[in-house]
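Counting starts at 1 for both ligands and their atoms, following the listed order.
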Amino acid sequence: MNGKFVNKELNKILLQEEFTKDDIVYLLSLEDEKSIEILFARADKIRKLYCDDEVHLRGVIEFSNFCEENCMYCGLRKDNEKVPRYRMRPDEIIETAKRIANQGIHTIVLQSGQDFYFDSDMISFLIYSIKNDCDVAITLSLGERSFEEYKAWKIAGADRYLLKHETSNPHHFSIYHDKQKLSTRLEHLKYLKKIGYQVGSGNMIGLPLQTIEDIADDILLCKELNIDMAAFGPFIPSPDTPYQNKSAGNAVLTLKAMAVIRIVLKDVHIPATTALDTIETKGREKGLRAGANVLMPNFTPNPYRDQYQIYPTSVRKDLDPSLSGIRMQNRIESIGRKVSQSKGDSLKMY
Ligand code: SAH
């Protein structure tokens with residue numbers, strides 16, 4: 001097939017309103033540079049239409065790395081005895097949240113392993129205290145918890161919940177996880193949405209066994225769930241896990257998936273993930289130009305930060321806001337975008 005023919009076919013698909021699984025597989029499978037450029041340009045145009053040039057910052061606090069789960073890919077899995085475990089004290093967490101808010105960041109992400117030591121009341125206390133002190137939105141990323149807890153935390157003031165489905169392939173889901181099931185994960189996502197959370201989900205690109213068709217299904221699942229944020233980042237092998245010798249996900253495929261999400265879902269927040277920046281030079285900037293409109297700088301204080309080893313810290317290139325907020329702003333402005341001054345609620349709320 002000559003290039004011209006491919007571009008004609010590509011342009012025709014890109015202008016569609018609705019996309020079939022075959023269309024999505026076609027877009028994800030684009031190989032030549034020119035076609036990929038066209039795909040990214042289309043995603044960038046739709047991003048501009050729905051999000052303008054604003055980039056939303058979400059300040060992440062990884063407050064506990066204890067975890068009850070045994071996900072095959074994750075360095076924090078229960079069976080990994082090499083990781084020194086920590087829990088931040090509530091006052092440390094609240095102080096860190098204030099530091100984030102003082103930098104003019106309007107979303108705080110509270111993330112941890114699945115750690116039931118932080119029970120319903122403790123998390124409610126954290127949400128209530130942070131909301132009392134700072135004018136911010138709160139995103140929880142605590143793994144699967146009970147429906148009662150989700151409800152209590154919503155009442156305490158939580159705004160958003162990030163729970164990635166990881167894979168829409170039920171068979172793969174059960175291979176990657178010990179006891180957890182995809183059907184349960186989906187029930188949780190639906191419940192969170194039903195009780196008024198803005199919900200984030202997503203997958204990892206390049207997990208063992210994954211095919212392009214699986215990624216297409218992941219994108220269609222995000223559409224079906226009507227999620228508010230889609231986080232698609234590359235898998236990075238973590239030492240002392242069963243997948244330590246597997247290959248990392250591919251950066252271009254990750255960028256293509258992000259672009260396709262923007263084109264298919266349109267009014268959705270898309271982060272350019274830390275994992276992408278880790279495996280690809282200027283990964284964040286490339287992500288922001290391929291459909292993304294969100295960055296999630298890490299504010300976890302030391303010594304905890306180095307112990308939150310979802311994937312190895314030696315390769316983790318956190319966008320370190322403690323170095324200077326200016327540097328982060330510079331990276332955003334260097335590509336003609338600006339840091340948003342709003343909380344960056346779901347695009348579906350406007
Ligand atoms: N325990 C919570 C939050 C922490 S994990 C939860 O499970 O939701 C946050 C995300 O890190 C996961 O959703 C997963 O997509 C990602 N992750 C885990 N291991 C990873 C790895 N090895 N490489 C890249 N991303 C990984």
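- Where the criterion is an N or O separation shorter than 3.5 Å, residue side chain and backbone included, Tyr311 fails it with respect to ligand 1.
- The shortest separation from a heavy atom of Pro234 to ligand 1 is under 4.0 Å, placing the residue in contact.
- Heavy atoms of Ala275 come nearer than 4.0 angstrom to ligand 1 in no pair at all.
- Ring orientation note: the planes of Tyr150 and Trp153 are nearly perpendicular, at an angle over 60° on the 30°/60° scale.
- Counting the atoms of ligand 1 from 1 in the order shown, those under 4.0 Å from a heavy atom of Gln111 are 3 (C), 4 (C), 9 (C).
- Atom 10 (C) of ligand 1 has its nearest heavy-atom neighbour, among Val109, Thr241, Leu276, Ile310, in Ile310.
- Near Met204, with a cut-off below 4.0 Å to any heavy atom, the atoms of ligand 1 are 14 (C), 15 (O), 17 (N), 20 (C), 24 (C), 25 (N), 26 (C).
- Among Thr139, Asp228, Asp345, Asp159, the single residue meeting the side-chain hydrogen bond (donor to acceptor under 3.5 Å, both in side chains) criterion with Gln198 is Asp345.
- Note that OG1 of Thr96 is 9.0 Å distant from CG of Asp91, once rounded to the nearest 0.5 Å.
- Using a distance-only test at 3.5 Å, with no hydrogens or angles considered, no donor-acceptor pair links the side chain of Arg289 to the main chain of Asp44.
- At a heavy-atom cutoff of 4.0 Å, ligand 1 is contacted by both the backbone and the side chain of Cys74.
- In terms of protein heavy-atom proximity, atom 7 (O) of ligand 1 is closest to Gly143 CA, 4.1 Å.
- If you look at Phe147 and Tyr191, their ring centroids are closer than 6.0 Å.
- For the residues Glu166, Glu144, Glu68, Glu69, the heavy atom positioned nearest atom 12 (C) of ligand 1 is part of Glu166.
- Closest protein heavy atom to atom 21 (C) of ligand 1: Ile236 O, 3.5 Å.
- Ring-centre distance between Phe63 and Phe118: below the 6.0 Å cut-off.
- No donor-acceptor distance shorter than 3.5 angstrom exists from the side chain of Arg77 to the backbone of Cys67, with no hydrogens or angles considered.
- Checked by atom type and distance alone, the side chain of Thr107 pairs as donor or acceptor with a backbone atom of Lys343 at under 3.5 Å.
- At least one heavy atom of Tyr308 sits under 4.0 Å from some atom of ligand 1.
- Ligand-side atoms of ligand 1 in range of Lys164: 13 (O), 15 (O), range being under 4.0 angstrom from any heavy atom.
- Considering only heavy atoms from C-beta on, His269 comes within 4.5 Å of Asn293 through its side chain.
- Nearest to atom 3 (C) of ligand 1 by heavy atom, out of Cys67, Gly233, Ser112, Gly206, is Ser112.
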